Amino acid sequence: MTRGKEPGTGSRDRTVLSRRHAPDQTGGAAGTNRERGSGTVLAAGLALVVMMAMALMLLLAQSAVLASRAASAADLAALAAADALRGLAAGEPCTVAAEVAARHGAALVGCTEGAGQIVEVRTELVERTVFGAAHGRSRAGPPP
């Protein structure tokens with residue numbers, strides 16, 4: 001039995017295969033080996049940008065929540081102080097405002113009694129964020 005020459009096993013085919021895997025004239029391997037791994041670096045950079053954006057959004061959301069809490073504490077403290085000023089509740093207006101603010105996690109920064117039984121209260125939350133403390137300001141008085 002004689003063996004015939006099978007296609008793809010000749011010396012010409014080996015030369016083509018060896019040229020395909022040989023280094024090119026520029027010193028690098030043939031093809032796009034210079035860009036090998038660039039997709040991984042791009043994906044890692046994109047993931048880092050997304051994580052930084054999410055962290056910034058979480059910090060801003062936390063600041064918004066704390067600002068809302070400070071405003072609520074100021075509103076409640078001003079209402080309580082106005083009630084005390086009008087004689088509807090017992091105690092000094094600013095003392096009552098400080099107690100109400102403390103129950104809501106805030107410190108009373110300022111309390112002024114104005115004309116017409118109007119009270120203005122300024123609060124600051126005890127809890128702080130990276131951007132600083134949250135402040136609230138409110139006025140209350142008798143109904144119109």
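Note that the structure is predicted; figures quoted are calculated from it, not measured. Numbers here simply count residues along the sequence, with the first being 1.
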Enquirer: CG/Leu79 to CZ/Arg139 distance, rounded to the nearest 0.5 angstrom?
Expert: 12.5 Å
Enquirer: What closest approach, in Å, do Ala106 and Ala73 show between heavy atoms, and which atom pair accounts for it?
Expert: CB-CB, 3.8 Å
Enquirer: When you look at CZ of Arg86, are more than 12 heavy atoms from neighbouring residues, nucleotides or ligands closer to it than 6.0 Å?
Expert: yes
Enquirer: Considering all heavy atoms of both residues, which atom of Ala140 and which atom of Ala78 are nearest to each other, and what is their separation?
Expert: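 So the minimum-distance heavy-atom pair works out to CB-O, 3.4 Å.
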Enquirer: Applying side-chain contact (heavy atoms from CB on, under 4.5 Å), run through Arg69 and Leu66 and close with a yes or a no.
Expert: CA-CA 5 Å; Arg69 285 180 49 201; Leu66 291 180; 3.5 Å; yes
Enquirer: Might you point out which heavy atoms bring Ala90 and Val96 nearest each other, and give the distance in Å?
Expert: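 So the two residues come closest at O-CG2, 3.6 Å.
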Enquirer: How close do Arg137 and Ala74 get, heavy atom to heavy atom, and via which atoms?
Expert: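 Scanning both residues completely, I find the closest heavy atoms to be N-CB, 3.7 Å.
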Enquirer: Decide yes or no for Glu113 and Pro93: does some side-chain heavy atom of the first lie under 4.5 Å from some side-chain heavy atom of the second?
Expert: yes
Enquirer: Other than Leu60, which residues form its hydrophobic cluster under the rule that side-chain heavy atoms must be closer than 4.5 Å?
Expert: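 So far as hydrophobic clustering goes, Leu60 is joined with Leu56, Leu59, Val130, Phe131.
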Enquirer: Minimum heavy-atom separation for Thr123 to Ala101, with atom names?
Expert: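 Taking every non-hydrogen atom into account, CG2-CB, 4.1 Å.
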Enquirer: For atom CD of Gln117, decide whether the heavy atoms of other residues, nucleotides or ligands shown that lie under 6.0 angstrom number more than 12.
Expert: yes
Enquirer: Should side-chain heavy atoms under 4.5 Å link Ile, Leu, Val, Met, Phe, Trp and Tyr, which residues sit in the same cluster as Val119?
Expert: Leu85, Leu108, Val121
Enquirer: Which atom names give the shortest non-hydrogen contact between Pro142 and Gly116, and what distance separates them?
Expert: CD-O, 3.5 Å
